Undergrad: 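Quick one: the structure is below, and I'll ask about it shortly.
These numbers were taken from a predicted model, which means no experiment stands behind them.
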Amino acid sequence: MAKLMVLLIGIAVVFAAVAFNGGNPLVGVVFVLVAAAPVVYFGYLVANRGRAGTASAQAVQPQQRRRQTLFLRVTALVMVVAVGYGVYWVMFEPKANDKALSRVSDFETGCGDGMARKYFPQAADHTGASPHPIAMFSISESGSPSQVFPTSGSPDYWSGNSLDPHRVQLIACLDSPDEGEYLTDCKFTTDTIKLYRGVYDMTVYEARTGKKVGSEQLRGSGKPNCPGMVYLKRGTDKLHTEPEFADYQAVLRKYVDN
């Protein structure tokens with residue numbers, strides 16, 4: 001039991017540090033209290049040891065032991081629950097971005113998974129009248145996000161390079177593609193790779209809070225156009241077309257213009 005308590009105290013201290021650094025002081029305080037509770041209790045036991053007489057101490061010893069055992073079990077249970085929540089928070093909840101925003105592409109970490117995903121306290125609140133400026137990111141065949149740029153003549157609030165990042169209210173992120181219909185074979189210098197029409201899930205988040213706003217699905221281009229060069233994940237043997245800018249606008253207009 002003592003070894004388990006020491007292990008859980010150590011984990012609670014680590015999670016407290018992660019929570020404070022990740023912009024969640026409430027979770028940090030919870031883990032500080034969890035780590036401190038057994039230490040305070042054992043200090044109390046040591047301070048009060050020997051105060052009672054030998055006879056009275058022998059009389060209450062069984063009852064005192066039962067109380068101590070019950071306390072240890074309850075404390076261990078609370079710590080396990082708290083550590084479990086801490087693991088969930090560390091792995092799956094977005095963390096605050098602590099870097100200055102200088103360009104729209106800085107929001108690409110808002111599309112990470114789990115502990116990699118960020119929210120941006122420096123961004124604008126998702127409120128007020130439209131338009132609601134958005135940063136959009138596709139996913140490359142190598143698995144890394146890349147900014148989606150608007151076509152010529154489109155307003156800069158559609159993920160434009162000239163958009164002030166502090167005006168951004170929303171982030172739209174494509175997930176890795178599923179394959180739709182087969183389009184063609186793409187021949188490269190050393191290999192031939194099949195090209196499919198990509199089918200993508202998209203998630204929209206508030207930039208300032210990381211809160212999920214909505215989810216959509218869109219399809220890649222149906223044109224059988226092979227890229228001149230491509231970087232693939234190890235073990236990948238197929239390519240997927242990406243959506244065109246008009247496809248993004250079609251599904252995201254209700255978030256941006258309403």
Undergrad: Would the distance check show the side chain of Thr209 and the main-chain N or O of Lys211 forming a donor-acceptor pair, the cut-off being under 3.5 Å?
TA: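 Such a contact is found between Thr209 side chain and Lys211 backbone.
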Undergrad: Who passes ring pair (Phe, Tyr, Trp, His ring centres under 6.0 Å) against Phe120, sequence neighbours left out?
TA: Phe107
Undergrad: Could I get the full list of salt bridge (Lys or Arg N to Asp or Glu O under 4.0 Å) partners for Asp156, not counting sequence neighbours?
TA: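 Listed in chain order: Arg167.
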Undergrad: Do Tyr196 and Leu239 sit in one hydrophobic cluster, given that two such residues count as connected whenever their side-chain heavy atoms are within less than 4.5 Å of each other, even indirectly?
TA: no
Undergrad: Return the set of residues passing side-chain hydrogen bond (donor to acceptor under 3.5 Å, both in side chains) with Tyr200 (not counting sequence neighbours), or none when no residue passes.
TA: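 Per chain and number, Tyr200 pairs via side-chain hydrogen bond (donor to acceptor under 3.5 Å, both in side chains) with no residue.
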Undergrad: Is it true that a side-chain atom of Asp191 and a backbone atom of Phe188 form a donor plus acceptor pair closer than 3.5 Å?
TA: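 The answer is no, because no donor-acceptor pair under 3.5 Å joins these two groups.
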Undergrad: Going by the rule side-chain hydrogen bond (donor to acceptor under 3.5 Å, both in side chains), which residues pair with Arg253 if we only count those two or more places apart in sequence or in a different chain?
TA: Asp257
Undergrad: Return yes if a side-chain donor-acceptor contact under 3.5 Å exists between Glu216 and Tyr255, otherwise no.
TA: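 Their side chains do contain a donor-acceptor pair, which is all the 3.5 Å distance test asks for.
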Undergrad: Which pairs, with at least one residue in residues 148-179 and sequence neighbours excluded, count as a disulfide (SG to SG under 2.5 Å)?
TA: Cys111-Cys173
Undergrad: Show me the pairs that pass salt bridge (charged side-chain N to carboxylate O under 4.0 Å, His left out) and involve residues 28-39, at least two apart or across chains.
TA: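 Salt bridge (charged side-chain N to carboxylate O under 4.0 Å, His left out) check on residues 28-39 returns no pairs.
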Undergrad: Spell out, yes or no, whether Leu218 and Val213 are grouped together once hydrophobic residues are joined by side-chain heavy atoms under 4.5 Å, including indirect joins.
TA: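 Per the 4.5 Å side-chain linkage, Leu218 and Val213 are co-clustered.
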Undergrad: For Ser105 and Glu108, does a side-chain donor sit closer than 3.5 Å to a side-chain acceptor?
TA: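 No donor-acceptor contact under 3.5 Å links the two side chains.
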Undergrad: Would you mind writing out the side-chain donor-acceptor pairs for residues 244-251 within the sub-3.5 Å range, not counting sequence neighbours?
TA:
{"unit_1": "Glu244", "atom_1": "OE2", "unit_2": "Lys223", "atom_2": "NZ", "d": "3.4"}
{"unit_1": "Asp247", "atom_1": "OD2", "unit_2": "Glu244", "atom_2": "N", "d": "2.8"}

Undergrad: Under 3.5 Å, is there a donor-acceptor pair linking the side chains of His126 and Gln169?
TA: no
Undergrad: Give a yes or no on whether the backbone of Pro243 and the side-chain of Ser221 come within a donor-acceptor separation of less than 3.5 Å.
TA: no
Undergrad: Tyr157, Leu170: one ILVMFWY side-chain cluster at the under-4.5 Å cut-off?
TA: yes
Undergrad: Can you give each donor-acceptor pair under 3.5 Å made by side-chain atoms of residues 145-152, sequence neighbours left out, with the distance rounded to 0.1 Å?
TA:
{"unit_1": "Ser146", "atom_1": "OG", "unit_2": "Ser138", "atom_2": "OG", "d": "3.1"}
{"unit_1": "Gln147", "atom_1": "NE2", "unit_2": "Ser159", "atom_2": "O", "d": "2.9"}
{"unit_1": "Thr151", "atom_1": "OG1", "unit_2": "Ser154", "atom_2": "OG", "d": "3.0"}

Undergrad: Using a 3.5 Å cut-off and no angle test, enumerate the donor-acceptor pairs between side-chain atoms of residues 177-185 and protein atoms at least two apart in sequence or in another chain.
TA:
{"unit_1": "Glu179", "atom_1": "OE2", "unit_2": "Lys238", "atom_2": "NZ", "d": "3.1"}
{"unit_1": "Glu181", "atom_1": "OE1", "unit_2": "Arg219", "atom_2": "NH2", "d": "2.7"}
{"unit_1": "Glu181", "atom_1": "OE2", "unit_2": "Arg197", "atom_2": "NH1", "d": "3.4"}
{"unit_1": "Tyr182", "atom_1": "OH", "unit_2": "Asp185", "atom_2": "N", "d": "3.2"}
{"unit_1": "Tyr182", "atom_1": "OH", "unit_2": "Asp185", "atom_2": "OD1", "d": "3.0"}

Undergrad: Does the side chain of Val204 reach to within under 4.5 Å of the side chain of Lys212, using non-hydrogen atoms?
TA: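 In short, these two side chains do not touch, never coming nearer than 4.5 Å.
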Undergrad: With clusters defined by side-chain heavy atoms of hydrophobic residues (ILVMFWY) lying less than 4.5 Å apart, directly or transitively, does Trp158 cluster with Met202?
TA: yes
Undergrad: As an exercise, state the distance from OG of Ser215 to OH of Tyr205, rounded to the nearest 0.5 Å.
TA: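 Result: 9.5 Å between the selected atoms.
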Undergrad: Looking at CZ of Phe137 and OG1 of Thr109, how far apart are the two atoms once the value is rounded to the nearest 0.5 Å?
TA: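 One finds 8.0 Å between CZ of Phe137 and OG1 of Thr109.
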Undergrad: Test of understanding: with salt bridge (Lys or Arg N to Asp or Glu O under 4.0 Å), list the residues that count as partners of Glu242, not counting sequence neighbours.
TA: none
Undergrad: Give me each pair satisfying salt bridge (charged side-chain N to carboxylate O under 4.0 Å, His left out) with a member in residues 121-136, each pair once, sequence neighbours excluded.
TA: Asp125-Arg208
Undergrad: Got Ile134 and Val168 here, is their nearest side-chain heavy-atom distance under 4.5 Å?
TA: no
Undergrad: Let me check something: do Val256 and Ile171 share a hydrophobic cluster, defined by ILVMFWY side-chain heavy atoms less than 4.5 Å apart, either directly or through other members?
TA: no
Undergrad: As a quick check of understanding, evaluate side chain to side chain contact (heavy atoms under 4.5 Å, CB included) for Lys95 and Arg117, giving each step before the final call.
TA: CA-CA 7 Å; Lys95 310 299 181 294; Arg117 188 162 73 86; over 6 Å; no
Undergrad: Sequence neighbours left out, what pairs pass disulfide (SG to SG under 2.5 Å) with at least one residue falling in residues 196-227?
TA: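 Residue pairs with at least one partner in residues 196-227: Cys186-Cys226.
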Undergrad: To the nearest 0.5 angstrom, please state how far the CE atom of Met229 sits from the OG1 atom of Thr189.
TA: 8.5 Å
